[in-house]
Amino acid sequence: MKSIIAIDGPAGAGKSTIAKSLAEALNYLYIDTGAMYRAVAYQALQQQAPLDDAERLGQLAAQANIDMRAENGENRILLNGYDVTKEIRLPQVSAVASAVSALPQVREQLVPKQRELAARGRAVLDGRDIGTVVLPQADCKIYLTASLDERAERRYKELLARGLEADLAEVRRDIEQRDYQDTHRETSPLRQADDAVYLDTTGLSIEQVLAKVLQLAEAAE
Ligand code: DC
């Protein structure tokens with residue numbers, strides 16, 4: 001497969017920041033697969049769909065028209081024509097996204113969409129199972145992580161910067177719970193692909209991580 005970069009890792013590791021900057025630097029398409037699960041979760045919350053109704057959630061995923069577009073350096077997410085970029089980042093949506101993403105019925109719908117988006121090549125995808133399940137033939141695979149404390153701190157600052165209220169201890173608990181769910185689910189759990197490069201970003205700045213990731217991407221081409 002031509003020029004596909006897969007970045008996987010736990011919540012708050014900085015995947016989307018790095019994937020977006022990397023895509024910009026290489027002039028690649030950035031595909032935020034977490035946003036797709038978040039969009040389905042948002043839709044489920046809107047419709048008050050019971051989270052244990054896997055068939056209904058699978059149908060929601062099948063019918064969801066999810067579009068991504070870069071606008072002024074920001075990745076906008078459109079769900080059935082509506083801009084839900086901000087809404088899908090709310091903490092209550094994060095928790096539901098982790099729950100709906102554990103359902104095979106939902107993954108069955110979203111994974112082909114992700115492969116379709118990547119089929120043109122020259123794309124950076126971030127998520128949990130890109131290097132292991134979605135695109136195991138990716139040219140460059142990176143497993144991006146950082147200590148739980150640092151990830152919680154980063155996510156906390158991100159929420160504050162967006163003007164949202166947040167509590168550090170609560171953010172840390174949410175991330176820890178999501179990590180547990182994402183690594184222990186039966187279908188496509190988060191794990192490092194055997195051929196992925198492990199990158200611990202604890203204590204590193206965004207610029208430092210980007211420089212490393214660029215090196216890895218360039219070496220893989
Ligand atoms: O990366 P994120 O925090 O936006 O992802 C939201 C949730 O979606 C996350 O808890 C796990 C799930 N997810 C997944 O299961 N597979 C992916 N490829 C991306 C995200």
Verify the distance criterion only: is there a donor paired with an acceptor across the side chains of [X] and [Y] at less than 3.5 Å?
X    : Y    : value
R38  : S94  : yes
R128 : T33  : no
D149 : S147 : no
D167 : Y156 : no
D182 : S98  : yes

Quick one: ring-ring contact (aromatic ring centres under 6.0 Å, His included) partners of Y180, sequence neighbours excluded?
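Partners of Y180 under the ring-ring contact (aromatic ring centres under 6.0 Å, His included) test: H184.
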Co-membership, hydrophobic cluster, residues M68 and L79, 4.5 Å side-chain
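In one cluster: yes.
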Audit row: E158, R155, salt bridge (Lys or Arg N to Asp or Glu O under 4.0 Å) steps and yes/no:
CA-CA 5 Å; E158 194 184 312; R155 189 45 63 88; 3.6 Å; yes
Please check if the number of heavy atoms outside I206 that lie under 6.0 Å from its CD1 is greater than 12.
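No, CD1 of I206 has 12 or fewer neighbouring heavy atoms, counting only those of other groups under 6.0 Å.
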Give a yes or no on this: more than 12 heavy atoms of other residues, nucleotides or ligands lie within 6.0 Å of atom NZ of K212.
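Count not over threshold, so no.
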If we only count heavy atoms from C-beta on, is the [X] to [Y] side-chain gap below 4.5 Å?
X    : Y    : value
R151 : D179 : yes
D126 : L144 : no
I77  : D83  : no

Examine distances only and state if a side-chain atom of [X] and a backbone atom of [Y] form a donor-acceptor pair shorter than 3.5 Å.
X    : Y    : result
E207 : A211 : no
T201 : T145 : yes
R154 : A13  : yes

Between E74 and R76, does the salt bridge (Lys or Arg N to Asp or Glu O under 4.0 Å) criterion hold? Intermediate values first, please.
CA-CA 6 Å; E74 225 202 321; R76 313 294 312 179; 2.9 Å; yes
Considering all heavy atoms of both residues, which atom of D139 and which atom of S3 are nearest to each other, and what is their separation?
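Closest heavy-atom pair between D139 and S3: OD2-N, 2.8 Å.
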How far apart are the C-alpha atoms of R107 and D129, what are their side-chain angles, what is the distance that settles it, and do they pass the salt bridge (Lys or Arg N to Asp or Glu O under 4.0 Å) test?
CA-CA 11 Å; R107 305 197 77 83; D129 60 338; 2.8 Å; yes
Should the pair E87-R89 be classified as a salt bridge under the 4.0 Å nitrogen-to-oxygen rule?
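No, this pair does not count.
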